[in-house]
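Taking it in order: structure first as structure tokens, then the write-up.
All ligand and atom numbering here is 1-based and tracks the order in the structure.
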Amino acid sequence: MTTRRSILKFSGVAAATGLAGCATATGINPLIPPVAKVVQSPDQVRPTAATMGAAPASHFEARQKPTYVAQTNDPLGHSRADNLFWNDIMMEHAMFFVQLMPGPELAGPRRQAEEFQRLFTQQLERSRDIRADNMVAFNQSSIDLARRFSDYKKTMREQQASGKIRSLVWPLFFTHTAREADRFAARLALYNRRQIEFDRREVVTFWGATMGEHSAFIAHLLDPDEKLLIEQANRLERTFRQTGPRDVPGDDIMKAANEVLDFKTVGEKGIYEGKIKSIISPPLASHVRREAVRFIDELKRTQAG
Ligand SMILES: [Fe+2]
């Protein structure tokens, strides 16, 4: 509600100051304020503690999906949260591939993606019941599944890049989603060795690359008329690319993380309400926003530690 109010308020200000006319002439969307001025919507930016029996949200209600984070700072708490969060993310990757592989020529890879979607839906459902006595085995089953999916993504990347398949999935989207699968598996392997610490440099490197690439994807999926949003997305991409693998001091990275979350939160709402022109689906908008929530949670944990 807060974000919606701020969008509407900004729209009113823009109209009153004559900016809206200028914006229309140049194709800039007047409904979206500069990211720094956005007030976050609490229901979209708040993480949810993962508990025993936590419900994996239906993907028909993508916008209401919680972003699970560890309730207790121990291997069990992190295992529950990561399985509830990442198995859902992996399921959505498979769903996006299915959507982006049309026609009879792509029936083979599409069928494989459908199978991964089914398997991760099942794994997500089972993630509700992770207990101390089944944690290691459950984590291992997720690791095996994530590694298989990562192999598929890497193979598809080569095929798409070399023109052997002609899907609508960019090679970088395969690379990006394979990195997420590898990271998911790597974290679970740590929990099985009873290691839970987040390494700040690793968190910044992984999520910085992820946020930068999200910004680039968003810029390419917006309608070419959405010039202001495309500029904002490009600026965010540059910010995260410059951040790179450096061990960023102070609050710089947290500020950038909050900016990208603001941008995605407003973007998701605008897409859902039909106020932004794009080919971004609401589940994709929710997906990238939830990953930003997760980034901020992990960043806070590295600061607390
Ligand atoms: Fe993702």
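Not counting sequence neighbours, the partners of R179 by the salt bridge (charged side-chain N to carboxylate O under 4.0 Å, His left out) test are E213.
The set of protein atoms (N, O or S) found at less than 2.8 Å from the Fe ion (ligand 1) reads H93 NE2, E180 OE1, H287 NE2, E291 OE2, by chain and number.
Looking at R241 and E237, a side-chain N of the basic residue comes within less than 4.0 Å of a carboxylate O on the acidic one, giving a salt bridge.
Applying the 4.5 Å side-chain rule to ILVMFWY residues, one finds I130, M135, V136, F138 in the same cluster as L76.
Seen from the ring of Y68, R80 does not count as a face-on cation partner, given the 6.0 Å and 45° thresholds. In this structure, R301 is not positioned above the aromatic face of F198 in the sense of NZ or CZ being under 6.0 Å from the six-membered ring centre and within 45° of the axis.
Legend: salt bridge (charged side-chain N to carboxylate O under 4.0 Å, His left out) pairs involving residues 142-171, not counting sequence neighbours, sorted by first then second residue: K154-D182.
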